[in-house]
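Before any comments, here is the structure.
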Amino acid sequence: MTELPADLAANPVLARWVTVHPDDSIDVRVGKVELGQGILTALSQLAADELGVDLHQVRMVPANTRLGPDEGMTAGSLSIMRSGPAVRAACAQVRARFTAEAARRWGVEGVTVRQGTISAGERTTSYGALADAVDLEVVADPALPLTSGDGPVFTGTDSPRLDLPDKIAGRPRFIHDLRLPGQLFGRVLRPPSPGASLRHLDTSRLADTNVKVVRDGSFIGVVGPDEAEVMRAVEALRGATAWEEHDALPDEDDLPGFLRAGPHETIEVVPGEQPPPAGRSLRATYNRPFIAHASMAPSCGVARWNDDGTLAVWSHSQGIHNLRGAIALLLRMDEDRIEVEHAESAGCYGHNAADDAAFDAVLLARSVPGRPVHVQWSRPDELAWSPFGSAMSVDVAAVVDESGAVRSWEYDVWSQGHTSRPGYGGAPGLLAGAYLDRPWRYPAPVDPPLAGGAGTVRNAVPIYDLPHRRVTGHRLLETSIRSSAVRSLGAFMNVFAIESFMDELALSAGIDPLAYRLMHLTDPRGRKVLETAAKAAGWGTPVAEGAGRGIGFARYKDKGAYCAVVADVEAESEVRVRRLTIAVDVGLVVNPDGVRNQIEGGATQATSWTLKERVRFDRRRITSDTWETYPILRFSEAPETSVELVEGPGVPSVGAGEAAQGPTAAAIANAVAMAVGVRVRDLPLTTDAIVAAIESSDG
Amino acid sequence: MKQAFELTVNGGHVRVETHPDTSLLHVLREELDLKGSRFGCGVGLCGACFVQLDGQVVASCDTPIWSAAGKTVVTVEGLAPGDELHPVQRAFLDEQAAQCGYCISGILVSAATLLARNPAPDEQAVVEALDRNLCRCGVQRRVVRAVLAAAEVTE
Ligand code: FES
Ligand code: FES
């Protein structure tokens, strides 16, 4: 008896995963959702192989709370690791039931399936032909094997993405394109600043328009049949409201001071074992600002209140079951009366405003029962009201011996929590909930548990063999800025700090930074990844005047993908990242080009965070709410990237989506230090930050 | 307050009745049901809604319908006739030059416009032609490779 994969054990009924149609098409439902990362393509490869069918016979159906399995969030680079084995096992079981039915009919054994044809000797049949006879409303049988045992046909190949033909032809595909019968359009008028409350609202300007104003406490929205008119109405209302606002935001120019002031939860990741030994000691402080998701599409949600009082919701949420629970909590209704279906949006890099927009739609649709309401956010709202990735501040100190080797390591990191997802910490966590007449204020953001990958202290423990370590996190318990999960959570900052400091230690010991890392690293997969990246990048070959080359490395979440990045930069009046040479080990590779695409994209986005990004605010309002005030990397700034896949033979697959974030930042910062001769420890690495670092090193 | 406007869209003559300030993007998506042009920012800063207007790349979100009247519009759906794909679209598929794809329509319009003007661009020319298009997923380098590959095919 084998143990079922966790996600299948939690959703054991096969019909939740697979439906076989008489026309031979096979629907596969998973709880994971397409976020632009290509997960459904990778899972379809696994499904096709286990079913023994062609890829085009499999249709990946959007996740749905009523029909499909609950696999929790699509986050944390866990999808392929968690969903992969469950999909394989579910499909292997479906196949076994179909071959058993064929065997029973024919009175034979040894029925096989190839390219969708079920056969034994001369006899053949198909999935479709047996569909009516095989009952999939049965629970998975742990006695059956977890895989059909046939070799992979699609797994491990560059299967093209299933969703790209629509997207490249410009066909409707996104939630923004969804048009349901009788659909109306809605827009929300957000307050001018977080925590503001509505004092006065004058709707007289809308007298001649075909829109309806919805108000609940300080939540205001407009609904109507013509989207353009609805948008004009919101702008008219903006000038006809009076708000009470407060100076509640921290001082943007002293975020380290704000983060360190407390009160905190102390997270002892590695308790101090002994007092540090005597020796030469070095210390440094690193900082990063708040950053925004800055997705290309504004968040969007659709909702309809049905005549029987049930509620239908369409959302690009990362966790449709959690969203359903949060809506039920806020509206005090039974979860079973709500159905949430996933619909695709633009790239999602963490907990963005998808859930918030869905709840906006729910609130507006309540005023027009039976009619679907489609709500789209504005660009300024998207940049100012989506949760941010927290600012962070790190102190690190080491004692080294005469050879330069580390003898002790002390690390402290201060941060807000990295999740305020719906349902976390017992609160619904939906933006509009805090502005209702009966508000449900959101608590300060929390962190996922250590075993769940942590938040503030994700990747805070170096992979290196360091004696006498102490690693402590300090999570801020009170804040007026809503932060939540942004790609890699605290790992981006922790890896940036650790890998910058490793470089500082190497340079102060007069040792090559690559050799210095290898000197402290026994993990063979890690060594291989580092050496592969270095070799591909021509590590050790000369670097031109005004240019620099740096390396950064980590194993994401301590047990995920290994990733090493070598950055080649030029730093004249501003930093230009010319090339990123990357090596990655994600265990068994399901779709090599998919992994490359994720790593390239992650590294390019991390380059943007590292060089340019910073959420701006005054003491009252978020001010970086346009692409001009929150600039991101452009084509002319995007580095050439190359990715070497280092296969970990026989090791299970782990996700690739977040592995490159921290190593990229560190590699760039280390390359900049080489190019300008000064260490810049505050992100982003703008010209101003470099000038400031040069001035403070002169002084 | 509604007025009638006539224009040519993807080779066909169309007439719409709407408020003169309504954006071309809105007319394309809602009146003409061409959902390929996407809304990203509404103020001309991201490129998701780019279309050709009399052969020039413009932000349709930022183009009021009155100013497009009488002109010729080509959207991503109209880069090639019927259900065919433009060579640059085929190259994007070959290179798998997208992640979420939300930015891709506007990028394809910029790229096709460049190739119409300059069938053999070098990398620098491609990067310049695409510099007003933002992509958050970070597929810029794949896109540049795809456009260069399309140029080789069309030459
Ligand atoms: S939506 Fe038109 S440029 Fe952004
Ligand atoms: S592919 Fe997602 S924004 Fe470009």
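Per chain, numbering begins at 1; letters A, B, ... match sequence-line order. Please read these numbers as outputs of a predicted model, since none were measured by experiment.
Proximity to chain A (any heavy atom under 4.5 Å) is restricted, for B:Glu30, to the side chain, taken from C-beta onward. For B:Leu45, the parts sitting under 4.5 Å from any heavy atom of chain A are the backbone and the side chain alike. Heavy-atom distances place the side chain of B:Ile107, and not its backbone, under 4.5 Å from chain A. If you measure heavy-atom distances from A:Asp158 to chain B, you find no contacts under 4.5 Å at all. In this structure, the portion of B:Leu85 lying under 4.5 Å from any heavy atom of chain A is its side chain and not its backbone. In this structure, chain A has no heavy atom under 4.5 Å from any part of B:Arg90. The part of B:Ile104 that comes within reach of chain A is its side chain, from C-beta onward, which places non-hydrogen atoms under 4.5 angstrom from that chain.
Side chain of B:Arg29 to main chain of A:His176: a donor-acceptor pair is present (N/O by atom type, distance under 3.5 Å, no hydrogens or angles). In terms of modelled atom types and a separation under 3.5 Å, the side chain of A:Lys167 and the main chain of B:Cys100 share a donor-acceptor contact. Formation of a donor-acceptor pair under 3.5 Å by the A:Arg634 side chain with backbone atoms of B:Asp131 is found in this model. Checked by atom type and distance alone, the side chain of A:Arg379 never pairs as donor or acceptor with a backbone atom of B:Gly42 at under 3.5 Å. With B:Arg136 contributing its side chain and A:His293 its backbone, the two residues share a donor-acceptor pair below 3.5 Å. Checked by atom type and distance alone, the side chain of B:Gln89 pairs as donor or acceptor with a backbone atom of A:Ile168 at under 3.5 Å.
Side-chain atoms of A:Asp177 and B:Arg38, non-hydrogen and from C-beta on, do get closer than 4.5 Å to each other. In this structure, A:Thr604 and B:Gln140 have side chains that are in contact, with non-hydrogen atoms separated by less than 4.5 Å. Counting heavy atoms from C-beta on, the side chains of B:Val126 and A:Phe635 never come closer than 4.5 Å.
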Start with the C-alpha gap between B:Gln96 and A:Asn597, add the side-chain angles, then the distance that decides, and say whether side chain to side chain donor-acceptor pair (under 3.5 Å) holds. CA-CA 8 Å; B:Gln96 294 282 290; A:Asn597 203 349; over 6 Å; no
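Among A:Ala297, A:Pro165, A:Ser608, the residue with the largest count of heavy-atom pairs under 4.5 Å with chain B is A:Ala297. In terms of heavy-atom pairs under 4.5 angstrom with chain B, the leader among A:Ser295, A:Ala603, A:Gly602, A:Pro639 is A:Pro639. With respect to chain A, the highest number of heavy-atom pairs below 4.5 Å among B:Asp33, B:Leu134, B:Val139, B:Val43 belongs to B:Leu134. Of the residues considered (B:Glu77, B:Arg132, B:His19), B:His19 shows the highest number of contacts with chain A, using heavy-atom pairs under 4.5 Å. In terms of heavy-atom pairs under 4.5 angstrom with chain A, the leader among B:Ser23, B:Ala97, B:Ala80, B:Gly40 is B:Gly40. Considering only heavy-atom pairs separated by less than 4.5 Å from chain B, the leading option among A:Glu613, A:Glu382, A:Arg173 is A:Glu613. Of all the listed residues (B:Leu93, B:Val88, B:Thr75, B:Val76), the one sharing the greatest number of non-hydrogen pairs under 4.5 Å with chain A is B:Leu93. Chain B forms the most heavy-atom pairs under 4.5 Å with one residue out of A:Glu637, A:Glu344, A:Arg232, A:Met231, and that residue is A:Arg232.
When all heavy atoms of A:Gly170 and B:Ser105 are compared, the pair lying nearest together is CA-OG, 4.3 Å. In plain terms, the two heavy atoms of B:Gly101 and A:Phe174 that are nearest each other are C-CZ, 4.0 Å. Summarising the geometry of B:Ala98 relative to A:Arg161, their closest heavy-atom pair is O-NH1, 3.8 Å, with the distance given to 0.1 Å.
Once rounded to the nearest 0.5 Å, the distance linking SG of B:Cys137 with CD of A:Gln598 reads 8.5 Å. Atom CD of B:Gln99 is separated from atom CE of A:Met296 by 13.5 Å, given to the nearest 0.5 angstrom. Once rounded to the nearest 0.5 Å, the distance linking CD of A:Glu227 with NE2 of B:His26 reads 6.0 Å. Atom OG of A:Ser378 and atom CZ of B:Phe39 lie 7.5 Å apart (nearest 0.5 Å).
For A:Tyr349, there are no ring pair (Phe, Tyr, Trp, His ring centres under 6.0 Å) partners two or more places apart in sequence or in a different chain. In terms of the ring pair (Phe, Tyr, Trp, His ring centres under 6.0 Å) criterion, residue partners of A:Trp609 (sequence neighbours excluded) are, by chain and number, A:Phe492.
A salt bridge links A:Glu600 to B:Arg142: at least one charged side-chain nitrogen sits closer than 4.0 Å to a carboxylate oxygen.
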